[in-house]
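Working notes, structure below.
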Amino acid sequence: MPHEIVRGKVTEALQQALQQAKQKGQLIVETWPSITLDFPKRPEWGDLATAIAMSLASHERRSPKDVAQIILDNLDQPRSVFDRVEIAAPGFLNMTVKRDLWMKVLSQIEAEGNAYGQNDFGKGRRVLVEYVSANPTGPMHIGHGRGAAVGDAVANLLRASGFDVSREYYINDAGRQMKLLGQSVYARYRQRNGLTVVFPEDGYQGAYVEQMAKQVQARLGADLAALPLEQAQQQCQEFAYREMLEVIRQDLRSFGIAFDSWASEASLMSAGAVTSALEELRRKEFLFDQEGALWFRSTAYGDEKDRVIRKQDGEYTYLASDVAYHRDKLQRGYDLLIDVWGADHHGYIPRMQAVVQALGYPKDRLRVVLVQMVNLLRGGKKVEMSKRAGEFVALREVVDEVGADVAKFFFLMRSSDRHLDFDLELAKQQSADNPVYYVQYAHARVTSLFRVAASRGIAVPKPSEADLEALTDPDEFTLVRKLSAYPSVVEGSALALEPHRIVFYLQELAQLLHTFYFKHRILPPAAEGDASDAGQFVKDATVSSVKHREQLTPRLTGARLALMGQVGQVIRNGLGLLGVSAPERM
RNA sequence: GCGCCCGUAGCUCAAUGGAUAGAGCACCAGACUACGGAUCUGGGGGCUACAGGUUCAAGUCCUGUCGGGCGCACCA
């Protein structure tokens, strides 16, 4: 179902032509591939092109050119949609669509507003996007930040594509890491009190651990030291857990990320989810005992080896709770699960997909989005990070320094499975070098333009109120075509789970806007020092410089304002998908 | 050693199997007496790592080689 008016009409016309050719016996195919439309790279190739004839050619056992000719011959009423359709070697159909059909895109954007760009591909299917899910053992670092930005944008994209989306944070609060955190805090606490200290191997070293020890001291005083070791550590762990979770919530809040639900590993376990999940696997014969451990037969679904699920010492591995958690998610009835993971976990995909299948669901019920490392730079020089020594760059620091909008945009600028260089100096620059400002400025320009118009008493019409026939310049037309592409960019981006496509689109759209804005005037000149003359237009075409020589009539001003308004709307919608604000002033 | 990802302009990166591979940065040369110069215009720059193969059509798919990253725990 096409979701944009030009593509819709063109696709429809092509389908009818194919249908008709088939009825006449000119084409034999039973089913043909979906018709894809591209923007041709060269103007002489028309506004839209399709390679459909070429993909049909081999099945038809005809040359692509013949197939294209047949389609062309069967295009019933080309004049209602097309100005011109041509065949180009080796078999492209190059179409020039009627200008007034293109212009309807503007009214469509007006009518749909914030919803322009959405599609119904998801058909209400429920999807759970799980992301961040950092252990509550410290503040979020910059890598978590990228995961958060990606997960959130993916969720936005899916919602815009008609899915019923929930966002979930899985709290790994049951494992050894939490215990280690408790021990680390307790060790620092003892240190503060001048007691003997054995700092745990691989313990948490960050300054925040000392901070928490200080707070524990303030709350519990010296009493803690009197308790048995394990009990004392347990108290520290509980305190640290609540504290860290709160820190993470605040980190997320300041980054502008909100979850619908928080799932706790510990509560899952205490509710018996692990036991019952293992029971199910055992019943289905995916478990076996060997060398005193319990194994999951993940090789049954293509994993390279089987995996231990309960160790010799009786402790469960993380796989056990992951099985339980994914089973829980599946049982909650989601049609699709999306996990956003750090790319260093890519080796776990086969086994989690094996889990999904062992539980009786299709493999593709789970899709994993991998997020690669972030290299933090400052003026081109690498900022060294080592979580081990507790020297990692906190997300909070970056957000404080460059702002949430900039940070998100940078995180989303590249395909998520590629390493990202994040240069703090560049991110702070307020220039064209900084793509965030470039896009946001385009939006601010539109709103600024409207403010000036208002101050001069010039109305900003909607497309339905404007005379769009006044838009005859190729630059206007280029903008309209770009706007028309937005819905398919959203759909492609959602299907591929690749938010960076939106970023690229927005940069291109912003560029077109800046070019247009520089080249053309929209409002008439303000009368010198006298607002009462506002509304006067240039009647004579010989004003100052060459590039401003075009006739600016109220009719053209109105139409251009209407066009600008829709550009602003689309930038707003696109930035919205990225979770980035569209400022009216900068 | 095995597996996954990657190799595209000097740098950072785009490109549902489609036409002459595109942006930004950097570099060079330019542009406003009216709407925000946080802007715009032009220029040089490429055997898409290499070698085969599939296809009407390959940066894209397959095989191999070389180079880089990440995994290969009864850690999370």
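Since the structure is predicted, the reported quantities are computational estimates derived from the model, not experimental observations. First the proteins, then the strands, lettered A, B, ... as listed; each starts at 1.
- Using the Watson-Crick or G-U wobble rule with both distances under 3.5 Å, B/U55 pairs with nothing in any strand shown.
- Mapping A/Gln511 and A/Trp45 onto RNA chain B via the closest heavy atom, the residue that lands nearer the 5' end is A/Trp45.
- Counting any heavy atom pair closer than 4.0 Å across all strands shown, A/Ala453 reaches no nucleic acid atom.
- A/Glu508 and A/Lys482 are joined by a salt bridge, as a carboxylate oxygen and a charged side-chain nitrogen come within less than 4.0 angstrom of each other.
- Side chains of A/His346 and A/Asp417: a donor-acceptor N/O pair is absent below 3.5 angstrom, by distance only.
- Under the Watson-Crick or G-U wobble criterion, with both distances below 3.5 Å, B/C2 is paired with B/G71.
- With distances taken from any side-chain atom of A/Arg176 to the nucleotides B/G37, B/C35, B/C75, the minimum falls on B/C75.
- A/Thr515 comes within contact range of the sugar-phosphate backbone alone, with a heavy-atom separation under 4.0 Å but no base atom that close.
- Comparing B/A38 with B/C32, their C1' atoms are spaced 16 Å from each other, to the whole Å.
- Of the candidate nucleotides B/C74, B/C35, B/U16, B/U16 has the atom nearest to the side chain of A/Thr36.
- Taking atom P in both B/A21 and B/G46, the straight-line distance is 12 Å, to the nearest Å.
- Atom name P, nucleotides B/U63 and B/G44: the rounded distance is 39 Å, in whole Å.
- Distances from the side chain of A/Val452 to the nucleotides B/C35, B/C74, B/C40 place B/C35 closest.
- Taking only side-chain nitrogens and oxygens, A/Tyr438 comes nearer than 4.0 Å to OP1 or OP2 of B/C40.
- Atom NZ of A/Lys363 is surrounded by 12 or fewer heavy atoms from other residues, nucleotides or ligands within 6.0 Å.
- Between A/Asp47 and A/Thr96, the side chains place no donor N or O within less than 3.5 Å of an acceptor N or O (distance only, hydrogens not considered).
- With both ends at atom C1', the span from B/G1 to B/C47 equals 34 Å, rounded to whole Å.
- At least one side-chain nitrogen or oxygen of A/Arg445 sits closer than 4.0 Å to the OP1 or OP2 atom of B/G37.
- Counting only heavy atoms from C-beta on, A/Gln177 has its side chain closest to B/C75 among B/G36, B/C74, B/C75.
- A/His346 comes within 4.0 angstrom of a base, heavy atoms only.
- The base of B/A19 is not paired with the side chain of A/Asp38 by any donor and acceptor separated by under 3.5 Å.
- In the set B/C75, B/A34, B/U39, the nucleotide with an atom closest to the side chain of A/Pro525 is B/A34.
- Residue-level contact check: A/Arg585 touches the bases, meaning some heavy atom is under 4.0 Å from a base atom.
- In this structure, a donor-acceptor pair under 3.5 Å is absent between the side chains of A/Asn375 and A/His419.
- Rounded to whole Å, atom P of B/G18 lies 16 Å from atom CG of A/Leu56.
- Within 4.0 Å (heavy atoms only), A/Ala57 reaches no atom of the nucleic acid at all.
- For the P atoms, the distance from B/A14 to B/U33 is 40 Å, rounded to whole Å.
- In plain terms, the two heavy atoms of A/Pro136 and A/Ile248 that are nearest each other are CA-CD1, 3.7 Å.
- Rounded to a whole Å, the CE atom of A/Met95 is 14 Å from the C1' atom of B/G18.
- By the 6.0 Å contact criterion, CZ on A/Arg451 is enclosed, its count of non-hydrogen atoms from other residues, nucleotides or ligands being greater than 12.
- With 3.5 Å as the limit, one finds a donor-acceptor pair spanning the side chains of A/Gln177 and A/Tyr204.
- Looking at A/Glu291, its side chain comes within 3.5 Å of the base of B/C74 through a donor and an acceptor atom.
- With a 3.5 Å ceiling on both atom-pair distances, the Watson-Crick or G-U wobble partner of B/U39 is B/A31.
- Between A/Lys519 and B/U39, a side-chain N or O to OP1/OP2 separation shorter than 4.0 Å is absent.
- Taking only side-chain nitrogens and oxygens, A/His500 comes nearer than 4.0 Å to OP1 or OP2 of B/A15.
- A 3.5 Å limit on both hydrogen-bonding distances identifies B/C66 as the Watson-Crick or G-U partner of B/G7.
- Heavy atoms from other residues, nucleotides or ligands lying under 6.0 Å from CD of A/Glu201 number 12 at most.
- Looking at heavy-atom distances under 4.0 Å, A/Phe504 makes contact with sugar-phosphate atoms alone, never a base.
- An OP1 or OP2 oxygen of B/A19 is reached within less than 4.0 angstrom by a side-chain nitrogen or oxygen of A/Lys41.
- Distance check on atom C1': B/G7 versus B/U12 gives 14 Å, rounded to whole Å.
- Atom NZ in A/Lys65 sits about 15 Å away from atom C1' in B/G18, given to the nearest Å.
- Here A/Asn94 lies in heavy-atom contact (under 4.0 Å) with a base.
- The A/Pro40 side chain lies nearest to B/A19 when the options are B/A19, B/U39, B/C35.
- Each of A/Met413 and A/Glu265 lies near RNA chain B, and the nucleotide nearest A/Met413 is the one positioned closer to the 5' end.
- Using a 5.5 Å limit on the distance between ring centres and a 30° limit on the angle between planes, the aromatic ring of A/Tyr441 does not count as stacked on the six-membered base ring of B/G36.
- Residue A/Phe450 is classed as having no contact, given no heavy-atom separation below 4.0 Å to the nucleic acid.
- Between A/Gln372 and the phosphate of B/C70, there is no side-chain N or O to OP1/OP2 separation shorter than 4.0 Å.
- The residue A/Asn135 sits close only to the backbone: its heavy atoms come under 4.0 Å of sugar-phosphate atoms, none of a base.
- Proximity note for A/Met586 (side chain, C-beta onward) versus B/A19, B/G18, B/G36: the nearest is B/G36.
- When the side-chain nitrogen and oxygen atoms of A/Arg418 are compared with OP1 and OP2 of B/A14, one or more of them lie within a distance under 4.0 Å.
- As a whole-Å value, the separation of A/Phe410 CZ from B/U12 P is 15 Å.
- Across all strands shown, B/U12 forms a Watson-Crick or G-U wobble pair, both distances under 3.5 Å, with B/A23.
- Taking 4.0 angstrom as the limit, A/Thr317 places none of its side-chain polar atoms (N or O) nearer than this to OP1 or OP2 of B/C75.
- By the 4.5 Å heavy-atom criterion applied to side chains, A/Ile171 and A/Tyr241 are counted as neighbours.
- Atom name C1', nucleotides B/C13 and B/A9: the rounded distance is 11 Å, in whole Å.
- For the C1' atoms, the distance from B/C11 to B/C27 is 12 Å, rounded to whole Å.
- In this structure, A/Leu319 atom CG and B/C74 atom P are separated by 11 Å, rounded to whole Å.
- Residue A/Ser415 is classed as a sugar-phosphate contact, given heavy-atom separations below 4.0 Å to backbone atoms only.
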